[in-house]
Participant: 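Pasting a structure here, questions to come.
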Amino acid sequence: MVYSWLKNVHYALLPGRCILCRASSGRPMDLCAACELSLSGRWPHCHHCGLPAPGDTEFCGSCLNQGFSFRYCIALAVYQHPVDRLIQLFKYQRRMAIGKVLAELLSHRLLQHYQREPRPDVVIPVPLHWRRQWRRGFNQAHFLAAKLARQLDIPLQSDCLARQQPTSPQQGMPRRQRLRNLRHAFNVAATPRGLHVALVDDVVTTGATADVLCRMLLEHGAEQVDVWCLARTPPHQ
Ligand SMILES: [Zn+2]
Ligand SMILES: [Zn+2]
């Protein structure tokens with residue numbers, strides 16, 4: 001309540017500027033209504049893996065064959081122009097205004113989704129290895145998770161997962177070895193017993209990291225894990 005009041009005062013004094021077309025947005029958000037359509041247009045997708053599918057479906061063909069351990073992957077967009085560029089600016093050039101806008105759009109999507117489903121009990125960001133976080137200056141997943149937790153009124157728990165090793169590039173490695181490396185890279189520091197968890201990352205590419213983390217959370221007693229991300233990368237990219 002106080003947050004939205006402060007936000008309105010801020011934008012009354014300093015009108016919003018669109019992060020995409022740079023025009024005045026004319027509303028309390030740094031995104032104009034026309035550009036919002038291009039960013040958060042709906043696309044038919046599989047509710048389980050979050051990937052584009054010929055029609056909205058609970059499970060796409062590949063998920064029916066071999067699904068992930070999370071229940072839903074809820075993404076704002078497909079990782080393609082202009083969202084890919086915006087995420088890169090946010091993540092690598094610390095353009096926080098962009099991160100804020102994307103988090104707000106994702107929170108609208110999540111609020112719609114959880115009208116028909118119970119909301120998670122806790123929001124947990126995918127951790128970055130300390131060395132990478134130190135170099136980047138922040139953990140983008142933590143930034144997003146904090147914003148989403150506030151907008152959905154769900155507690156944030158940032159110390160549940162820890163990254164003990166940086167994951168090296170895993171391309172070309174056999175799948176089994178890739179998964180084993182991922183598993184060793186993380187540990188569960190606080191037990192999410194009986195909790196419905198929302199796991200937050202900026203981009204879900206193959207889904208392998210999210211899947212491994214979900215498995216670990218479920219093994220530590222989590223009841224259900226949903227994945228929230230800004231963008232989902234289609235397999236051919
Ligand atoms: Zn615009
Ligand atoms: Zn699917």
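Just so you know, ligand 1 is whichever comes first in the structure, and atom 1 is the first atom listed for that ligand. Computed from a predicted model, the values in this text were never measured in an experiment.
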Participant: With heavy-atom distances below 4.5 Å as the criterion, would you say the side chains of Asp211 and Thr206 are in contact?
Facilitator: no

Participant: Under 30°, 30 to 60°, or over 60°: which ring-plane class applies to Phe143 and Phe138, parallel, tilted or perpendicular?
Facilitator: perpendicular

Participant: Only to 10 degrees, please: what angle do the SG atom of Cys18 and the SG atom of Cys21 make about the Zn ion (ligand 1)?
Facilitator: 110°

Participant: What about His47 and Tyr72, are their ring centers closer than 6.0 Å?
Facilitator: no

Participant: Do Met29 and Leu105 make a side-chain contact, defined as non-hydrogen atoms from C-beta onward lying under 4.5 Å apart?
Facilitator: yes

Participant: I would like to know whether Arg71 and Glu58 meet salt bridge (charged side-chain N to carboxylate O under 4.0 Å, His left out); could you show each step before the answer?
Facilitator: CA-CA 10 Å; Arg71 177 70 187 86; Glu58 193 72 7; 3.0 Å; yes

Participant: Any side-chain heavy-atom pair from Lys100 and Asp30 closer than 4.5 angstrom?
Facilitator: no

Participant: Protein N/O/S atoms under 2.8 Å of the Zn ion (ligand 2)?
Facilitator: Cys46 SG, Cys49 SG, Cys60 SG, Cys63 SG

Participant: What does the angle at the Zn ion (ligand 1) come to, between atom SG of Cys32 and atom SG of Cys35, rounded to 10°?
Facilitator: 100°

Participant: Under 4.5 Å between side-chain heavy atoms, counting indirect links through other Ile/Leu/Val/Met/Phe/Trp/Tyr residues: same cluster for Leu86 and Leu144 or not?
Facilitator: yes

